[in-house]
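Some notes on the structure that comes next.
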Amino acid sequence: MSTHSFFLPGDSSRVVPTPMALSLWGPDALNGPAVCGLAAYAAERDHGREGWLPARFTLELFKSARRIPTSLHTEVLRDGRRIKVVQVSVRQHDGDDEKGVLVAQGNTVFLKQGDNPPGARWSRTAADYDVPETADDDFHTWFHNDRLGWGSDMTKYQDGGRRRLWSRPIPVLPDVEQTPFQRAVISAEGTSLATNWGEGGIGFINGDLTVALSRLPVGDRLGVESDHHLEDSGVSAGTATLFDERGPYGIGMVTAVDNTRAMIDFTTVLPASAYKGDGPFTPDGERRGDDRNV
């Protein structure tokens, strides 16, 4: 069974994180895309239905998730004619701990699709979302700014400017079809990277993710473009436009807190080619990998 996924099936309906789920924030910490993607998977698996769009996904990442068995629980909070609200809880189990520790929780809002109301409405003028050509087996993120255009060398894009990301989201589980909604959420977690990454690296760590969708994305690769970044007294707020090969399809939003003590300088971590061992840290504690591990 391939381990090119964030998690593997475990015992008692739990899942076990793979090295792909590990983060550069700490040797045993899971990355945001992995945890958010897992929650999106659970909400859609248990409660998705034809003709209903998972229009909003919000997950509170209030405790660092670790590389231990993880369980999922969903509960319907509201099941109406045009709206369905599903709560997802992510728990982790250390040893014989059956109850587990709650590490993340949030809601997915499904809205019944129909026709748009008549009349014109203002919308931001769409940018030209040209995207790079990438190989089918390329899971690394590509980067864009006005100075360099598109490129895959992350170290060249560490500056204080606006940026775009273009990536192929990693599957949540092997041998389970990755849905457009899962891809959207996993890609959208890059909102934190796109908006909080600056000249010295990334020193803000997000404690949440909100994804608002007007449609599901198309294609295996998706993009994130930073729109706003505000910061004061060690707290930041950021928003981004989510786009695919057809153009914008949604909005990402994060809030984050100062984490300078563990700040990640992408010009000093080992290159992405070093990401072949058991996680993004070497035995000597050196960081390696790329933005997949934030």
Side-chain angles (χ1 to χ4, degrees), residues 4-6 20 31-45 47-59 84 86 88 106-114 116 123-144 150 163-173 176-195 206 208-227 238-254 291-292 294:
H4 198 75
S5 59
F6 284 134
M20 303 298 289
N31 61 55
V35 179
C36 290
L38 186 65
Y41 158 77
E44 189 176 39
R45 176 199 63 186
H47 303 287
R49 80 176 67 154
E50 190 71 25
W52 290 68
L53 177 72
R56 181 172 62 81
F57 169 93
T58 299
L59 192 68
K84 185 174 186 177
V86 175
V88 180
N107 294 338
T108 299
V109 178
F110 294 87
L111 298 179
K112 186 173 178 58
Q113 294 172 298
N116 293 335
S123 181
R124 174 180 166 183
T125 301
D128 181 16
Y129 288 95
D130 66 301
V131 297
E133 294 186 6
T134 56
D136 290 341
D137 61 352
D138 183 1
F139 278 83
H140 296 290
T141 299
W142 283 61
F143 308 91
H144 177 280
W150 286 105
R163 62 178 54 85
R164 293 178 184 175
L165 315 177
W166 182 249
S167 64
R168 180 179 178 182
I170 296 170
V172 174
L173 288 162
V176 175
E177 183 180 1
Q178 189 182 47
T179 67
F181 177 53
Q182 292 170 35
R183 283 195 289 272
V185 169
I186 294 168
S187 172
E189 213 280 337
T191 298
S192 183
L193 179 68
T195 61
N206 59 307
D208 57 47
L209 172 68
T210 295
V211 182
L213 304 178
S214 64
R215 63 174 175 87
L216 291 174
V218 297
D220 292 334
R221 292 172 174 80
L222 302 176
V224 177
E225 180 181 45
S226 56
D227 279 336
T239 62
T241 295
L242 312 178
F243 65 94
D244 59 16
E245 58 193 36
R246 296 182 182 176
Y249 66 87
I251 298 167
M253 183 178 75
V254 295
D291 67 286
R292 296 175 304 178
V294 175

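No experiment lies behind these values; they were computed from the predicted model shown.
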Open item on the list: Between D244 and R183, does any NZ, NE, NH1 or NH2 come within less than 4.0 Å of an OD or OE carboxylate oxygen?
Closed with: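 No, this pair does not count.
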Open item on the list: Between Q178 and I170 (side chain of the first, backbone of the second, donor and acceptor by atom type, cut-off under 3.5 Å), is there such a pair?
Closed with: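 Looks like yes, one N/O pair under 3.5 Å.
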TODO: Give a yes or no on whether the backbone of D130 and the side-chain of W150 come within a donor-acceptor separation of less than 3.5 Å.
DONE: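 Side chain of W150 to backbone of D130: a pair is present.
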TODO: Start with the C-alpha gap between E189 and N206, add the side-chain angles, then the distance that decides, and say whether side chain to side chain donor-acceptor pair (under 3.5 Å) holds.
DONE: CA-CA 9 Å; E189 213 280 337; N206 59 307; 3.0 Å; yes
Could you check if a side-chain atom of [X] sits within less than 4.5 angstrom of a side-chain atom of [Y], using non-hydrogen atoms only?
X    : Y    : value
S5   : L173 : no
F6   : N31  : yes
V185 : E44  : no
V218 : Y249 : no
P171 : V176 : no
F143 : L165 : yes
L216 : P54  : yes

So which atom in [X] and which in [Y] form the shortest heavy-atom distance, rounded to 0.1 Å?
X    : Y    : result
T239 : T195 : O-CG2, 3.4 Å
G106 : L59  : N-CD1, 3.6 Å
C36  : L209 : SG-CD2, 3.8 Å
L53  : L213 : CD2-O, 3.5 Å
F57  : A40  : CE1-N, 3.7 Å
E225 : Y129 : OE1-OH, 3.0 Å

Task: W52 and L111: CA distance, side-chain angles, deciding distance, side chain to side chain contact (heavy atoms under 4.5 Å, CB included) verdict - done: CA-CA 5 Å; W52 290 68; L111 298 179; 5.6 Å; no
Open item on the list: Would L38 and V88 count as a side chain to side chain contact (heavy atoms under 4.5 Å, CB included) here? Give the steps.
Closed with: CA-CA 10 Å; L38 186 65; V88 180; over 6 Å; no
Task: side chain to side chain contact (heavy atoms under 4.5 Å, CB included) assessment of T210 paired with V254 - done: CA-CA 6 Å; T210 295; V254 295; over 6 Å; no
State the [atom1]-[atom2] distance between [X] and [Y], to the nearest 0.5 angstrom.
X    : Y    : atom1 : atom2 : answer
H140 : S167 : NE2   : OG    : 12.0 Å
K112 : R49  : NZ    : CZ    : 8.0 Å
R215 : L242 : CZ    : CG    : 10.5 Å

- [ ] Measure the acute angle between the ring planes of W166 and F243, then classify it against the limits of 30° and 60° as parallel, tilted or perpendicular.
- [x]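 The arrangement is parallel - the two ring planes meet at less than 30°.
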TODO: Decide side chain to side chain donor-acceptor pair (under 3.5 Å) for N107 and T58; before the verdict, give the C-alpha distance in whole Å, the side-chain angles of both, and the deciding distance to 0.1 Å.
DONE: CA-CA 5 Å; N107 294 338; T58 299; over 6 Å; no
Open item on the list: The test is side chain to side chain contact (heavy atoms under 4.5 Å, CB included); show your working for R124 and T241 and say whether it passes.
Closed with: CA-CA 11 Å; R124 174 180 166 183; T241 295; 3.8 Å; yes
Task: Heavy atoms of other groups near R45 CZ, more than 12 under 6.0 Å - done: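 Yes, CZ of R45 has more than 12 neighbouring heavy atoms, counting only those of other groups under 6.0 Å.
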